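I have placed the structure first, in the form of structure tokens, so that the comments after it can refer back to it.
Keep in mind the model is a prediction, meaning the values are calculated, not measured.
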Amino acid sequence: MSLRIGIPREQFAGEKRVASVPEVVEKLIKLGFLVTVETGAGAAANFDDESYRSVGAEITDSAAQLWGAADIVFKVRAPLPEEINLIRPGTTLVSFIWPAQNPDLMQQLAGRRITVLAMDSLPRQLSRAQKMDALTSMASISGYRAVIEAANAFGRFFNGQVTAAGKIPPAKVFIAGAGVAGLSAIGTAANLGAMVRANDTRAEVADQVVSLGGEFVKVDYEEEGSGGGGYAKVMSEGFQQAQREMYARQAKDADIIITTALIPGKPAPRLITADMVKSMKPGSVIVDMAGEQGGNCELTVPGESVVRHGVTIIGYTDLPSRLAKQSSTLYANNLLRLTEDLCKTKDGQIDVNFDDEAIRGLTVIKAGEITWPPPPLKIAAVPPQVKPAAGPALAKKSAHGHGEGEPMSGGALAAIFGIGAVLFWLVGAFAPASFLSHFTVFVLACFVGYMVIWNVKPSLHTPLMSVTNAISSIIAVGALVQIAPPLSGAGEGRPSALILGLAVVALALTAVNMFGGFAVTRRMLAMFRK
């Protein structure tokens, strides 16, 4: 019998998102599940009851009825106490849980003898788990929305302008933290025309900052800052002191500061002090995206926008919810991909398989037993290159008579060159002289082309190949020679109608190849510059 997925209306104050949208509900039903949606669940995200009903979902007026009938419950926020009391034993709950920050909630959910999959506990090191990574989906929306909130509170344009009424300088934006949210904010602010600077403890993100149009500001202190799962780690006191000095300099110069620094399971680090706020220009803006975990700014009031020392400090904790339709759609797609992994048989049944590292990482409670934290991931290490020991027992011979990994013997090399020389002699002895000259040019062109491409950076291979496609269309010259009248007189030595037809077709196709090749090259190269 098919399991029933329940989608309740979020009870958390101010939460506008919904755990699934009509487009995804239709796909869940095709996987074999029954779907029940609480009335009004998607109203705040502009999804009415009729849109769910039209794709085959049932609508219920009672939250108690939904929780009582559902085998699987999809939620955005962790359930509130009154919702926990409605969960029946054996239910599977999929939601944001934050187990490290909510030990009491974990005990309450375990007491209901249910299975809980926490979307915030996904092992993000697994590349195949990216399709289920709801944290990334929500962080990208938060970064975008943070810039929009900053622009709304800021008193000027983001982009610089020169008008008859005077010159308007571009806004200077500094972004602390270049994770998913920070990179989203960098791209958004740069696209609005601001001068963007950014910093992160992970030096490897510097190239990403620059590629999005920002300038990476380095802390004058050498220390590796990468933590597990794509997060930054807690840095040493020496690094933090150097970082504070750099932030103090940026605060005096920046018009807008956006902070994104979070470390899982710990309060948000304090990056912007009250003295830094005082040093900022009147009318400046700080958007503290870590407000829900205490804030990166000393003067942040979580959930509110306040003015301190002439600076607007925005500490909203519901940035994804302020783009409810978009965030609900992305979150619903993350849940769909998770459901596909849980229901590989597409028969409306799920299997919480602990042999799957992604599912194991997500599962924080199984049948009432707390299974969080999960065991460390078994990431296969690259084996070291060991030189094989000499001796007949370990020397595997290849078909050419030499051991694997050993250089080719002199005799085998001489034999290959001898065969090549014989083939070239046969070509030279029996092929026409004109063919031999063209063949020589062809061989040299292959060699030169290979050496040119071999020495080009891999990131430029696609635009390079599009250019070579266009250049290779020199065959158009040959087609034009066939179409053009002969120089020795009209009609004398003119090719047949078949040759003329093929030449016209070749000219048309190569013209498309030439223009298309340069068009693709232009678009590809545009990706490498602002």
Side-chain angles (χ1 to χ4, degrees), residues 5-31 33 35-61 63 66 72-79 83 94-96 119-120 122 130-153 180-181 183-185 187-189 191-192 258 260 287 289 291-292 303 305 314 316-340:
I5 296 175
I7 302 169
R9 183 165 53 88
E10 297 294 324
Q11 300 298 317
F12 191 88
E15 182 56 69
K16 298 179 181 179
R17 290 172 291 177
V18 62
S20 196
V21 300
E23 178 186 356
V24 172
V25 166
E26 184 177 13
K27 295 176 182 177
L28 292 172
I29 293 173
K30 289 180 180 178
L31 287 175
F33 295 96
V35 180
T36 300
V37 181
E38 184 181 353
T39 183
N46 295 315
F47 298 109
D48 58 20
D49 291 348
E50 185 55 38
S51 63
Y52 287 102
R53 192 178 286 112
S54 65
V55 296
E58 298 180 17
I59 304 296
T60 180
D61 295 330
L66 181 140
I72 307 167
V73 176
F74 286 172
K75 275 184 58 56
V76 178
R77 294 271 186 171
E83 293 177 303
V94 185
S95 175
F96 283 107
M119 294 301 291
D120 47 86
L122 179 76
Q130 293 177 2
K131 61 184 179 182
M132 301 179 275
D133 190 357
L135 283 177
T136 293
S137 299
M138 298 302 102
S140 63
I141 292 175
S142 296
Y144 173 87
R145 185 69 192 195
V147 175
I148 301 304
E149 295 292 344
N152 181 58
V180 175
L183 292 174
S184 177
T188 304
N191 287 337
L192 288 175
I258 298 175
T260 70
V287 181
M289 296 178 61
E292 197 162 3
S305 175
I314 299 173
Y316 295 150
T317 58
D318 61 345
L319 291 174
S321 187
R322 290 171 179 258
L323 287 171
K325 187 165 187 175
Q326 182 68 77
S327 54
S328 296
T329 301
L330 294 182
Y331 183 63
N333 280 315
N334 292 140
L335 291 181
L336 172 64
R337 302 310 172 200
L338 170 61
T339 308
E340 289 174 343

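Looking only at side-chain heavy atoms (C-beta outward), Val24 and Leu335 stay at 4.5 Å or farther from each other. The shortest distance between side-chain heavy atoms of Leu338 and Met119 falls below 4.5 Å. Using a 4.5 Å cut-off on side-chain heavy atoms (C-beta onward), Arg145 and Pro320 make no contact. With a 4.5 Å cut-off on side-chain heavy atoms, Arg17 and Arg77 count as touching. Val35 is listed as a side-chain neighbour of Ile7, based on a closest heavy-atom distance under 4.5 Å. Counting heavy atoms from C-beta on, the side chains of Thr329 and Phe47 come closer than 4.5 Å. The shortest side-chain heavy-atom distance between Tyr331 and Val21 does not fall under the 4.5 Å cut-off. Thr136 has its side chain out of reach of Asn334: every pair of non-hydrogen atoms, C-beta onward, lies at least 4.5 Å apart.
Closest heavy-atom contact between Val18 and Ser328: N-OG, 3.0 Å. Here the closest non-hydrogen pair linking Ala185 and Ile258 is CB-CD1, 4.4 Å. For the pair Ser305 and Ile314, the tightest heavy-atom approach, listed with the atom from each and the gap, is OG-CG1, 3.7 Å. Between Asp120 and Ser95, the closest heavy-atom pair is OD2-O, 4.3 Å.
In this structure, Met138 CE and Gln326 CD are separated by 8.5 Å, a value rounded to the nearest 0.5 Å. Put simply, CZ on Phe33 and OG1 on Thr339 are 6.0 Å apart, with the number rounded to the nearest 0.5 Å. The structure places NZ of Lys75 at 7.0 Å from CD of Gln11, a figure rounded to the nearest 0.5 Å. The OG1 atom of Thr39 lies 3.5 Å from the CG atom of Asp49; values are rounded to the nearest 0.5 Å. In this structure, CD1 in Ile141 is found 6.5 Å from CG in Leu323, a value given to the nearest 0.5 Å.
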Please evaluate residues Glu340 and Lys131 with respect to the criterion salt bridge (Lys or Arg N to Asp or Glu O under 4.0 Å), reporting the C-alpha separation (whole Å), side-chain torsions for both, the decisive distance (0.1 Å), and the verdict.
CA-CA 11 Å; Glu340 289 174 343; Lys131 61 184 179 182; 5.5 Å; no
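Distance alone, capped at 3.5 Å, places no donor-acceptor pair between the Asn152 side chain and the Ile148 backbone. A donor-acceptor distance shorter than 3.5 angstrom exists from the side chain of Ser184 to the backbone of Tyr144, with no hydrogens or angles considered. Using modelled atom types, no side-chain atom of Glu26 and backbone atom of Val55 make a donor-acceptor pair closer than 3.5 Å.
There is no side-chain donor-acceptor pair under 3.5 Å between Asp318 and Ser321. No hydrogens or angles considered: a donor-acceptor pair under 3.5 Å links the side chains of Ser51 and Asp48.
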